[in-house]
Peer 1: 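Have a look at this one.
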Amino acid sequence: MFKIKRIYDEYSSDDGIRILVDRLWPRGISKEKAKLDHWFKNVAPSTELRKWFHHEPDKFQEFILKYRHELDENNPVELQELIELGKDHVVTLLYSAKDEEHNQANVLIDYLQDRF
């Protein structure tokens with residue numbers, strides 16, 4: 001089972017396996033406070049796509065298509081690990097974006113759930 005959460009939100013034992021899905025380390029968060037189990041940079045949008053999107057809600061629908069295409073084309077090893085972990089564990093995908101609706105974690109969780 002997958003869920004998403006901002007990395008700045010409080011840690012909870014209900015989080016299960018905590019995986020950061022950002023390419024860049026979040027500002028102001030220490031590794032101790034993050035309480036990460038994994039950091040899967042390669043499932044995050046490419047630097048080019050991230051810069052193009054720039055968290056502009058008007059671009060979100062096109063971002064979804066482009067990001068899903070990147071995941072299909074690149075198929076990083078971490079993507080398969082996420083799918084496997086999600087079969088038997090609660091997995092919380094952590095992201096740092098301020099916008100809780102228009103971010104890559106929402107796209108990624110839908111993408112992963114489509115694979116089950």
Side-chain angles (χ1 to χ4, degrees):
M1 179 179 107
F2 295 102
K3 57 186 185 174
I4 61 172
K5 185 177 190 177
R6 284 192 79 222
I7 196 161
Y8 300 102
D9 294 341
E10 278 299 311
Y11 166 81
S12 169
S13 59
D14 295 341
D15 290 346
I17 299 172
R18 292 170 52 91
I19 302 175
L20 178 62
V21 293
D22 284 356
R23 193 166 294 276
L24 303 174
W25 186 262
R27 292 181 185 174
I29 294 287
S30 67
K31 292 191 179 187
E32 294 78 30
K33 186 175 180 185
K35 297 186 182 199
L36 291 182
D37 295 297
H38 303 284
W39 181 12
F40 287 172
K41 297 178 198 179
N42 292 326
V43 299
S46 66
T47 300
E48 296 79 19
L49 182 56
R50 177 180 53 81
K51 287 181 177 181
W52 170 83
F53 175 46
H54 198 59
H55 295 284
E56 295 175 29
D58 291 347
K59 293 181 177 178
F60 191 62
Q61 290 306 312
E62 190 173 353
F63 172 76
I64 292 170
L65 297 174
K66 289 180 177 199
Y67 181 33
R68 289 179 71 102
H69 179 74
E70 278 190 356
L71 290 169
D72 286 339
E73 291 296 308
N74 299 336
N75 200 10
V77 172
E78 290 95 342
L79 190 59
Q80 295 307 314
E81 287 183 52
L82 277 173
I83 291 168
E84 290 303 314
L85 287 170
K87 289 179 181 177
D88 299 320
H89 306 281
V90 173
V91 176
T92 299
L93 307 177
L94 300 165
Y95 67 96
S96 62
K98 290 179 185 176
D99 187 332
E100 295 183 17
E101 183 180 349
H102 304 101
N103 62 66
Q104 82 277 4
N106 280 314
V107 178
L108 182 57
I109 197 169
D110 288 342
Y111 184 90
L112 292 168
Q113 289 172 337
D114 288 348
R115 288 347 186 225
F116 279 90

Peer 1: With the 4.5 Å side-chain cut-off for hydrophobic clustering, are Ile109 and Phe63 part of the same group?
Peer 2: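 Shared cluster, yes.
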Peer 1: Calculate, to the nearest 0.5 Å, the distance between atoms CD and CG belonging to Glu100 and Asp9 respectively.
Peer 2: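 Glu100 CD to Asp9 CG: 6.5 Å, rounded to 0.5 Å.
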Peer 1: Testing the basics here: between Phe60 and Val107, what is the closest heavy-atom pair and its distance to 0.1 Å?
Peer 2: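 So the two residues come closest at CZ-CG2, 3.8 Å.
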Peer 1: Between Leu82 and Val91, is there a side-chain heavy-atom distance shorter than 4.5 Å?
Peer 2: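 Yes; the side chains approach each other to less than 4.5 Å.
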Peer 1: Roughly how far, to the nearest 0.5 Å, is the CG atom of Asp88 from the CG atom of Leu85?
Peer 2: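 Atom-to-atom, Leu85:CG and Asp88:CG are 8.5 Å apart.
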Peer 1: Is it the case that over 12 heavy atoms from other parts of the model lie below 6.0 angstrom from the NZ atom of Lys33?
Peer 2: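 No, NZ of Lys33 has 12 or fewer neighbouring heavy atoms, counting only those of other groups under 6.0 Å.
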Peer 1: Does any N or O in the side chain of Lys59 come within less than 3.5 Å of the main-chain N or O of Trp52, such that one atom is a donor and the other an acceptor?
Peer 2: yes
Peer 1: If you define the side chain from C-beta out and look only at heavy atoms, does anything of Val43 sit under 4.5 Å from Ile19?
Peer 2: no
Peer 1: Is the charged tip of Lys31 near the ring of Trp25: under 6.0 Å from the six-membered ring centre and within 45° of its axis?
Peer 2: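 Yes.
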Peer 1: Identify the two heavy atoms, one from Tyr8 and one from Pro26, that lie closest to each other, and give their separation to 0.1 Å.
Peer 2: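 Taking Tyr8 first and Pro26 second, the nearest heavy atoms are OH-CB, 3.5 Å.
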Peer 1: With a 4.5 Å heavy-atom cut-off, do Leu79 and Asn74 have their side chains touching?
Peer 2: no
Peer 1: Should Lys41 and Leu24 count as side-chain neighbours, where that means a heavy-atom distance under 4.5 Å?
Peer 2: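 Side-chain contact under 4.5 Å: no.
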Peer 1: Do you reckon Leu94 sits in the same ILVMFWY cluster as Leu112, going by side-chain contacts under 4.5 Å, direct or chained?
Peer 2: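 No, Leu94 does not connect to Leu112 through the hydrophobic network.
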Peer 1: Taking the side chain as every heavy atom from C-beta outward, state whether Lys98 and Arg6 have any pair of such atoms under 4.5 Å apart.
Peer 2: yes
Peer 1: Within the structure provided, determine whether Leu36 and Ile7 are in side-chain contact (heavy-atom separation under 4.5 Å).
Peer 2: yes
Peer 1: With clusters defined by side-chain heavy atoms of hydrophobic residues (ILVMFWY) lying less than 4.5 Å apart, directly or transitively, does Tyr67 cluster with Ile4?
Peer 2: yes
Peer 1: Using atom types as modelled and distance alone, determine if a side-chain donor or acceptor of Lys5 lies under 3.5 Å from a backbone N or O of Glu10.
Peer 2: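 Yes, Lys5 side chain to Glu10 backbone: donor-acceptor pair under 3.5 Å.
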Peer 1: Quick one: CD on Glu78 to CG on Leu71, what's the gap to the nearest 0.5 Å?
Peer 2: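 That separation rounds to 11.0 Å.
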Peer 1: Between atom CG of Asp114 and atom CZ of Arg68, what is the distance when rounded to the nearest 0.5 Å?
Peer 2: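 Going from the CG atom of Asp114 to the CZ atom of Arg68 covers 4.5 Å.
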Peer 1: Sub-3.5 Å donor-acceptor pair from the side chain of Arg18 to the main-chain atoms of Ala34, do we have one?
Peer 2: yes
Peer 1: Grab the two heavy atoms, one from Ser46 and one from Glu70, that are nearest each other, plus how far apart they are.
Peer 2: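 That would be OG-OE2, 2.6 Å.
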Peer 1: Please answer: with hydrophobic residues joined when any side-chain heavy atoms are less than 4.5 Å apart, are Ile83 and Leu20 in the same cluster?
Peer 2: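 Different clusters: Ile83 never reaches Leu20 through Ile, Leu, Val, Met, Phe, Trp or Tyr contacts under 4.5 Å.
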Peer 1: Answer yes or no: is there a side-chain heavy-atom contact under 4.5 Å between Lys87 and Glu84?
Peer 2: yes
Peer 1: What I want to check is whether the side chains of Gln104 and Asp22 have a donor and an acceptor closer together than 3.5 Å.
Peer 2: yes
Peer 1: Are Leu49 and Leu93 connected, step by step, through hydrophobic side chains (Ile, Leu, Val, Met, Phe, Trp, Tyr) whose heavy atoms are closer than 4.5 Å?
Peer 2: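 Hydrophobic grouping puts Leu49 with Leu93.
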Peer 1: Distance from Asn106 atom CG to Tyr95 atom OH, nearest 0.5 Å?
Peer 2: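 Output value for this atom pair is 6.5 Å.
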Peer 1: Are the ring centres of Phe53 and His55 closer than 6.0 Å?
Peer 2: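 Between Phe53 and His55, the centre distance is under 6.0 Å.
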Peer 1: I need the Ile64 CD1 to Glu62 CD distance, nearest 0.5 Å.
Peer 2: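 CD of Glu62 is found 11.0 Å from CD1 of Ile64.
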